[in-house]
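What follows is one structure encoded as structure tokens, with my remarks underneath.
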Amino acid sequence: MELFFVNPGVDYMIKQIMEFQIEDETDFWTEPLYHFYPQLDQTYAMSLSYSERKSYIEKTMRTTYVKLENTINDKVSLYAEHWANCKEQITAALSDAFGVDCSMLFNDLRCNVSINPIMPRFLQEHCFDMFYLNSEKGAIGDAIHEIIHFVWFYVWNHLFNDSYEEYERPTLKWILSEMVVESVMKDDRLSSINPYFPREQGGCIYPYFFDMKANGKLILDTLDEMYNSQHIHDFMRNSYAYCRKHEAEIREHIRVSEGR
């Protein structure tokens, strides 16, 4: 397993920023941009048509990028150095978790260090984005989260032989993959190098999962019990069946939490 940190350039960054500024997106996804960049006037931006808003955001963020370019390039080097120190234990932990030799997988992963505070991942392209304000330890914590997705869906796809198109937001398979990260992350080889673990440090998954319940029981507790008692293949089958059974409750909780 190998991860390469890169500066993808301002055009890429703006393209990804605008993916989360579309007309029907919720505040959960749109607001972080305005939180981290107060030079953007959110009220004004949201009063514009999408094309006008895009021009306004792009102009402002291009100016911002020029000021931050050297910092981003420095972070690329810093993150790469810290990854090299942690790679072996991450690879070993994920190999054990998923029952595959991860040292032979994903030797072309790419992390785009970006001004975008939302950090999407692209499974088939073997890449994901990282917010430049992360510390080197924070970058490794977020990278572990994303790499868990890559390995999870690699094993999942071989087990179910379904389509990678089914693994993206807002499908139930995407939701499950986001929830199970916490159980995998509890391995001391991973949690010890993730400054966002445990939950009291911010958590390594979306916080609206923490109080999500089905039949009066916390869903994460149920999934954690399953993960710790079952082979990974059985866990994938049974956890997905459980989520399908409680899909209405899961989606309603997310809908309310995201303000839809």
Side-chain angles (χ1 to χ4, degrees), residues 3-21 25-42 45-46 53-54 56-87 90 109-122 125 127-150 169 178 181-182 185 190-210 258:
L3 176 59
F4 301 94
F5 293 89
V6 300
N7 177 345
V10 67
D11 290 344
Y12 173 89
M13 297 179 192
I14 290 173
K15 179 179 183 297
Q16 296 308 321
I17 285 172
M18 294 312 302
E19 291 291 329
F20 296 93
Q21 299 295 325
E25 194 55 271
T26 66
D27 290 347
F28 181 86
W29 298 101
T30 60
E31 283 192 346
L33 180 69
Y34 302 98
H35 171 78
F36 286 103
Y37 300 104
Q39 60 267 44
L40 286 169
D41 185 326
Q42 183 175 9
M46 299 311 294
R53 184 161 66 250
K54 181 178 183 298
Y56 168 63
I57 291 174
E58 179 171 356
K59 180 180 179 180
T60 304
M61 297 311 294
R62 283 188 182 276
T63 300
T64 300
Y65 173 81
V66 170
K67 298 176 182 178
L68 294 174
E69 184 175 13
N70 289 338
T71 298
I72 293 167
N73 291 334
D74 289 342
K75 287 294 185 76
V76 166
S77 299
L78 184 63
Y79 296 168
E81 180 180 356
H82 200 58
W83 163 259
N85 295 331
C86 301
K87 178 177 67 174
I90 294 171
L109 290 174
R110 186 177 76 256
C111 176
N112 300 307
V113 182
S114 174
I115 58 177
N116 184 10
I118 304 296
M119 299 178 285
R121 53 112 174 103
F122 307 95
E125 291 82 0
C127 72
F128 60 91
D129 290 2
M130 178 75 63
F131 191 32
Y132 86 98
L133 279 180
N134 257 311
S135 67
E136 67 273 25
K137 293 181 179 179
I140 294 303
D142 282 342
I144 296 170
H145 175 114
E146 300 303 338
I147 293 171
I148 287 172
H149 289 311
F150 284 99
R169 185 171 72 102
E178 293 292 342
V181 165
E182 185 178 66
M185 194 76 75
L190 303 177
S191 62
S192 63
I193 56 175
N194 184 354
Y196 303 129
F197 190 93
R199 296 179 190 178
E200 291 76 14
Q201 300 297 324
C204 60
I205 59 176
Y206 294 121
Y208 56 61
F209 289 134
F210 297 154
E258 291 190 355

Worksheet entry | Non-hydrogen side-chain atoms of Gln201 and Pro195 separated by less than 4.5 Å | no
Discussion item. What I'd like to find out is whether the side chain of Leu3 reaches to under 4.5 Å of the side chain of Glu146, using heavy atoms alone.
Written reply: no
Worksheet item: Counting N and O atoms only, with roles assigned by atom type, does the side chain of Tyr37 sit under 3.5 Å from a partner on the main chain of Thr64, one being a donor and the other an acceptor?
Response: no
Practice prompt. First locate atom CZ of Phe5, then atom CG of Leu78, and finally report the distance between them rounded to the nearest 0.5 Å.
Written response: 9.5 Å
Worksheet item: In terms of side-chain heavy atoms, does Ser114 have a donor or acceptor partner in Gln16 at a distance below 3.5 Å?
Response: no
Discussion item. Side chains of Glu58 and Val10, heavy atoms from C-beta outward: is any pair under 4.5 Å?
Written reply: no
Item to complete: For side-chain contact (heavy atoms from CB on, under 4.5 Å), just list the numbers for Trp83 and Ile90, CA-CA rounded to whole Å, side-chain angles, deciding distance to a tenth of an Å, and then say yes or no.
Response: CA-CA 9 Å; Trp83 163 259; Ile90 294 171; 3.7 Å; yes
Worksheet, complete the sentence: To the nearest 0.5 Å, atom CD of Gln39 lies from atom CE of Met61 at 6.5 Å
Worksheet item: Should the ring pair Phe209 and Tyr206 be called parallel, tilted or perpendicular, given that the plane angle runs from 0 to 90° and is split at 30 and 60?
Response: tilted
Practice prompt. For the residue pair Ile205 and Glu178, establish whether any side-chain heavy-atom pair is separated by less than 4.5 Å.
Written response: no
Practice prompt. Verify, without hydrogens or angle tests, whether Arg53 (side chain) and Gln21 (backbone) share a donor-acceptor contact under 3.5 angstrom.
Written response: yes
Discussion item. If I compare all heavy atoms of Asn194 with all of Gly141, which pair ends up nearest, and what's the gap?
Written reply: OD1-CA, 3.4 Å
Discussion item. Counting only heavy atoms from other residues, nucleotides and ligands, does the tally under 6.0 Å from CD of Glu81 exceed 12?
Written reply: no
Item to complete: State whether the side chain of Tyr79 and the backbone N or O of Tyr132 hold a donor-acceptor pair below 3.5 Å, judged by distance alone.
Response: yes
Worksheet item: Rounded to the nearest 0.5 Å, how far does CZ of Phe20 lie from OG1 of Thr30?
Response: 11.0 Å
Discussion item. Is the shortest side-chain heavy-atom distance between Leu190 and Phe197 below 4.5 Å?
Written reply: no
Worksheet item: Going by atom types only, do Asp41 and Tyr56 share a side-chain donor-acceptor pair under 3.5 Å?
Response: no
Worksheet item: How about Asp129 and Asn116: does a side-chain donor come under 3.5 Å of a side-chain acceptor?
Response: no
Worksheet item: What is the minimum heavy-atom distance between Met185 and His145, and which atoms define it?
Response: CE-N, 3.9 Å
Fill in: Between CD1 on residue Ile17 and NZ on residue Lys54, distance to nearest 0.5 Å
10.5 Å
Fill in: Check: Asn134 and Lys75 side chains under 4.5 Å, non-hydrogen atoms
no
Discussion item. Applying side-chain contact (heavy atoms from CB on, under 4.5 Å) to Val76 and Met130, what does each step give before you reach the verdict?
Written reply: CA-CA 10 Å; Val76 166; Met130 178 75 63; over 6 Å; no
Item to complete: Would you check if there is a donor-acceptor pair between the side chains of Asp27 and Tyr34 at a distance under 3.5 Å?
Response: no
Item to complete: Any chance you could lay out the side-chain contact (heavy atoms from CB on, under 4.5 Å) test for Ile57 and Leu33, step after step, and finish with the verdict?
Response: CA-CA 10 Å; Ile57 291 174; Leu33 180 69; 4.1 Å; yes
Worksheet entry | Pair Val113-Val6, side-chain contact (heavy atoms from CB on, under 4.5 Å): steps then yes or no | CA-CA 6 Å; Val113 182; Val6 300; over 6 Å; no
Discussion item. Return the CZ to SG distance between Phe122 and Cys127, rounded to the nearest 0.5 Å.
Written reply: 6.0 Å
Discussion item. Taking salt bridge (charged side-chain N to carboxylate O under 4.0 Å, His left out) as the cut-off, I'd like each qualifying pair that reaches into residues 190-203, sequence neighbours left out, listed once.
Written reply: Glu182-Arg199
Discussion item. Looking at every non-hydrogen atom in both residues, tell me the closest pair between Gly9 and Tyr65 and how far apart they are.
Written reply: CA-OH, 4.3 Å
Discussion item. Nearest 0.5 angstrom please: Phe131 CZ to Ile72 CD1, how far?
Written reply: 9.5 Å
